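Note that the structure is a prediction, hence the values are computed from the model and not measured. Here is how names work: the chains are called A, B, and so on, in the same order as the sequence lines, proteins then strands, and each is numbered from 1. Side chains included, hydrogens not; waters and symmetry mates left out as well; all remaining heavy atoms used.
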Amino acid sequence: MKKHMLPKTYDFRKTEGRIYQMWEESRYFEPTNQPQDPNHDPSIKPFVISIPPPNVTGELHLGHGLFVAMEDLMIRYNRMRGIPTLWVPGSDHAGIATQLQVEKDLMKTEGKRREEIGREAFVERTWEWKRKYGGIITQQIRRLGASCDWSRERFTLDNGLSVAVIEAFVRLYEKGLIYRGPRLINWSPGLQTAVSDLEVEYSEEPGKLYYFKYRIKDSEDFIPVATTRPETILGDTAVAVHPDDERFQKFIGKTALVPILDREIPVIADSYVDKEFGTGALKITPGHDINDYEIGERHHLEIVSILNKDATINQNGGPYAGQDRFDCRKNLWADMAEAGLVIKETDYTLKIPRSQRGGEIIEPMISTQWFVEIKPLAEAALEAVKDGRIQIVPDFFTKVYYNWMENIEDWCISRQLWWGHRIPVWYGPDGEMFCARSEELAQEKANAHYGKPVTIEQDPDVLDTWFSSGLWPFSTLGWPDETPDLKYFYPTSVLETGYDILFFWVARMIMSGLEYTGEVPFHTVYLHGIIRDELGRKMSKTTGNVIDPLVVMDEMGTDALRFSLLVGSSPGKDTNLSLKKVEANRNFANKLWNATRLVLTLLEQAPADADTADLEWTQADSWIWARMRQITNNVNRLFTAYQYGEAGRQLYDFFWGEFADWYLEIAKIQVSEGGARAKKTAIALIKTMDKILRMLHPFTPFITEELWGYLKEAANHFGAEVSPENGWEDALIIAQWPEAEELEGWEEDAITEFSLAMEIIRAIRNLRAEKQVKPGSRIGATITAGEQTNSLQELSPTIAALCHLNPESFQIIETLENKPEGTVALVVGPAEIFLPLFDLIDPEEEKKRLQSDLEEVSQQIDRLEKLLSSPFAQKAPADVVQKERDRLAAFQETAEKIQSQLNELG
RNA sequence: GGGCGGUUAGCUCAGCUGGUUAGAGCGUUGCGUUGACAUCGCAAAGGUCGUUGGUUCGAGUCCAAUACCGCCCACCA
């Protein structure tokens with residue numbers, strides 16, 4: 001007999017690295033049926049996920065942990081099902097975020113601003129930064145066990161992807177869906193760039209509403225007006241009142257004077273104005289307010305811009321030129337007070353637009369930017385979800401998607417940054433635009449246009465990072481080239497990401513995919529939620545409640561973290577994660593380890609050469625197998641429905657609560673019988689443990705891979721034919737996913753039969769514990785089991801062993817004339833158990849116990865009798881009714897037995 | 001203003017084909033270690049499933065209303 005080599009404790013630190021290396025070296029991460037193989041079969045449909053590319057210089061957080069765990073689970077599951085599987089990894093250049101990091105570093109190390117070293121040097125410096133830190137995040141993703149095909153790793157600023165970005169831009173431009181022009185956009189004064197509507201968040205903050213007088217020219221009259229931003233008065237080009245407002249009717253058409261500047265502006269009527277709010281009159285600043293901008297368009301008002309790019313006041317602000325906007329607010333208001341124009345200030349809760357990145361206050365401003373005309377793209381994207389070509393999981397996000405797509409505004413795609421894809425447009429000497437796939441082509445166009453060689457200059461702006469991310473599912477596969485990868489792997493299968501970037505990323509990928517490839521980029525969108533702390537608070541450095549996944553992995557293992565994230569989350573909902581939870585799952589891994597050790601030990605004790613031909617499975621064998629089948633079916637059903645968390649939970653409960661707690665205990669006894677029984681048990685052990693490890697593998701890949709290797713070796717020593725043809729593949733990662741399986745000669749209804757034995761064992765153990773019978777002392781027992789006697793007798797060695805009964809004085813019989821002398825009786829369904837513990841019993845207490853049992857049972861009998869005499873008996877399906885009848889009969893039997901025992905006690 | 005999600009044990013959450021005794025982990029309490037596991041085992045306490053009404057033989061589960069919490073979108077100066 002060979003002693004198994006499974007170490008006593010699980011050292012996940014060592015195991016994880018070694019296992020990952022083994023997977024990678026064996027090239028298990030690469031898809032089978034590679035499109036460049038000569039034998040490639042295009043009819044086999046692959047399963048493909050594009051990774052949500054993390055910021056190239058980012059640091060691993062739990063959000064990454066969740067998506068990696070989730071996607072890796074899907075990938076591993078499909079890989080095990082034998083489907084060619086590709087998970088494309090990569091990272092995003094993350095324009096603003098990365099540029100800010102490098103700017104900060106530049107200031108720290110050299111005390112310089114980026115303008116001082118110039119664009120070229122700055123971009124080169126950023127590339128260096130990327131080369132230095134860009135590998136960290138992908139390394140960390142490996143640690144999570146991600147089975148991505150690293151040979152296909154991509155970066156959004158790679159040559160190939162840059163070609164894709166330019167191609168996409170040029171195509172849209174040529175189609176007339178990209179335009180450039182001055183529009184009111186969201187300006188980030190600190191970053192000195194435009195940002196899209198999505199990048200602005202509104203926060204409620206206390207502020208003031210300022211009331212003041214708008215004087216009417218050549219008159220003593222004035223219109224009272226309220227504003228939250230007095231400095232914008234400098235840019236007013238009208239005062240608007242409601243056309244039906246009697247108070248202000250007389251002013252419509254008159255001329256008002258801008259405070260301090262005395263600029264003349266018209267008083268107009270527009271039904272947008274709310275008569276009830278503020279003073280009922282509205283100042284109009286088309287240059288710095290989106291609603292005013294629209295009113296301005298309706299009335300053809302002049303647009304006056306009062307801000308510089310750094311949000312100081314420009315020359316249009318007269319005496320305030322050069323002041324910061326908030327200083328100007330104070331100063332202008334003070335001057336107006338002096339001029340007698342101020343009415344009052346009241347407290348008011350404002351909604352301040354703030355930059356999603358950095359939180360500075362965003363100023364609406366007129367600026368010349370590039371835009372994508374989005375409506376045509378959005379319509380196609382809407383249609384793709386409506387007609388089911390794309391399914392969103394969970395379903396309730398479909399509505400959110402529709403709502404956004406139906407109300408979408410043109411997308412501002414230009415950013416005044418240096419790090420990113422530069423807009424492929426060049427300007428001739430007179431500003432003529434030449435959009436081309438390269439500078440050479442633009443030059444040719446320009447020369448042809450002017451009829452002579454001219455100097456052209458490229459647009460300085462770069463594209464919004466999301467413009468390139470939007471191409472990700474196909475740009476990473478080689479688009480615009482018709483590469484074998486693109487042909488075979490596109491469209492991809494599932495897009496898995498957080499709901500917080502549904503609009504930023506998912507919606508744009510759908511629009512881009514349809515526009516450029518004519519196909520949906522994926523058939524399913526799976527959205528997960530945000531990871532919060534155990535109290536449901538967002539994790540933040542200021543709150544100090546951030547859980548670092550790297551620390552967690554160090555302390556409790558990657559599998560424990562993954563299992564916690566996967567089992568704790570359900571589609572589209574936020575997940576509260578606590579270290580306690582991870583700890584519990586580390587314990588789960590430990591249990592898995594130890595259970596396997598026991599299995600291996602038992603396998604050693606069983607004789608491999610025994611003849612099991614005539615031996616049947618025990619009830620316990622049948623029971624665990626029947627449960628295994630149920631669990632397998634459940635897990636498969638749940639996986640199909642994307643309910644991975646519930647699947648993991650069921651595996652956890654089954655493995656721990658049934659396999660480890662019960663079957664392993666029984667297996668010990670069965671193996672100790674030796675001979676064929678031991679061998680038969682060993683076979684059952686291998687089969688169940690094998691299936692458990694397979695189904696847990698997508699959740700906890702490292703430990704299961706490790707244990708499965710040992711199990712396989714043990715199976716080999718045990719005499720199993722260990723070969724891929726025989727279901728023992730080279731590694732668990734590529735092993736076949738289990739289907740519910742019949743076992744020859746097993747009893748399908750073992751679950752109900754066996755549960756009686758479990759109840760009996762529990763009852764005996766409880767009484768022993770309650771009466772403080774020494775754990776080691778063996779007592780006798782008599783069990784009467786009526787019709788169940790035969791099936792129960794088969795388990796008698798098990799019951800004896802698990803309850804520490806003395807086999808000499810233990811029997812299971814059909815009935816008994818009288819209660820044995822000196823025993824105390826327990827009633828379990830149709831069975832009665834007599835234990836020789838009468839001396840330990842206080843008859844009064846025992847009476848009380850029996851009476852309360854009887855009461856409980858009587859209640860059930862009443863309930864069921866009522867139920868069965870109600871319309872239920874006629875209307876409910878026969879099997880459901882029968883079940884209740886059986887139950888009632890069982891309760892009645894129990895009640896009788898308890899009653900007779902009470903009688904005996906007197 | 002529009003939309004969505006949640007409300008189940010002290011805490012965090014399952015319970016997604018409606019089936020009659022609602023589960024887990026953690027926490028609490030008691031008992032238990034010489035062989036798989038104290039990263040453990042055995043057991044106990046703890047819930048009128050937010051409220052009201054409806055559908056149904058039957059509702060934590062389906063429908064409607066309502067309260068509270070949270071989120072998203074739109075942005076009344």
Reckon [X] touches a base, only the sugar-phosphate, or nothing at all at heavy-atom distances under 4.0 Å?
{"X": "A:Lys668", "value": "base"}
{"X": "A:Lys580", "value": "sugar-phosphate"}
{"X": "A:Asn585", "value": "nothing"}
{"X": "A:Ser578", "value": "nothing"}

Gap between atoms [atom1] and [atom2], on [X] and [N] respectively (whole Å):
{"X": "A:Gln860", "N": "B:rU21", "atom1": "CD", "atom2": "P", "answer": "6 Å"}
{"X": "A:Ile295", "N": "B:rC76", "atom1": "CD1", "atom2": "C1'", "answer": "11 Å"}
{"X": "A:Leu864", "N": "B:rU21", "atom1": "CG", "atom2": "C1'", "answer": "10 Å"}

Choose from [options] the nucleotide whose nearest atom is closest to any side-chain atom of [X].
{"X": "A:Arg597", "options": "B:rC37, B:rU21, B:rC16", "result": "B:rC37"}
{"X": "A:Val273", "options": "B:rA36, B:rG19, B:rA77", "result": "B:rA77"}
{"X": "A:Asp653", "options": "B:rA24, B:rC72, B:rG41", "result": "B:rA24"}
{"X": "A:Glu665", "options": "B:rA77, B:rG41, B:rA36", "result": "B:rA36"}

When you look at CD of A:Glu406, are more than 12 heavy atoms from neighbouring residues, nucleotides or ligands closer to it than 6.0 Å?
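Yes, enclosed.
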Gap in Å between the two [atom1] atoms, one belonging to [N] and one to [M], rounded:
{"N": "B:rU34", "M": "B:rG15", "atom1": "C1'", "result": "42 Å"}
{"N": "B:rA36", "M": "B:rC40", "atom1": "C1'", "result": "10 Å"}
{"N": "B:rC57", "M": "B:rG50", "atom1": "P", "result": "25 Å"}

Under 4.0 Å protein heavy-atom contacts per nucleotide of nucleotides 3-14 of chain B, with B for base, S for backbone only and - for none:
-SSS-----SSS
Any side-chain heavy atom of A:Thr497 sitting closer than 4.5 Å to one from A:Val506?
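They are in side-chain contact.
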Give me the ring orientation class for [X] and [Y]: parallel if the planes are under 30° apart, tilted from 30 to 60°, perpendicular past 60°.
{"X": "A:Trp593", "Y": "A:Tyr710", "result": "perpendicular"}
{"X": "A:Phe588", "Y": "A:Phe655", "result": "perpendicular"}
{"X": "A:Tyr642", "Y": "A:Tyr644", "result": "perpendicular"}

[X] vs [N]: side-chain N/O to OP1/OP2 distance below 4.0 Å:
{"X": "A:Arg765", "N": "B:rG41", "answer": "no"}
{"X": "A:Asn587", "N": "B:rC40", "answer": "yes"}
{"X": "A:Arg229", "N": "B:rA77", "answer": "no"}

Under 3.5 Å for both donor-acceptor distances, Watson-Crick or wobble: does B:rC4 have a partner, and if so which one?
B:rG70
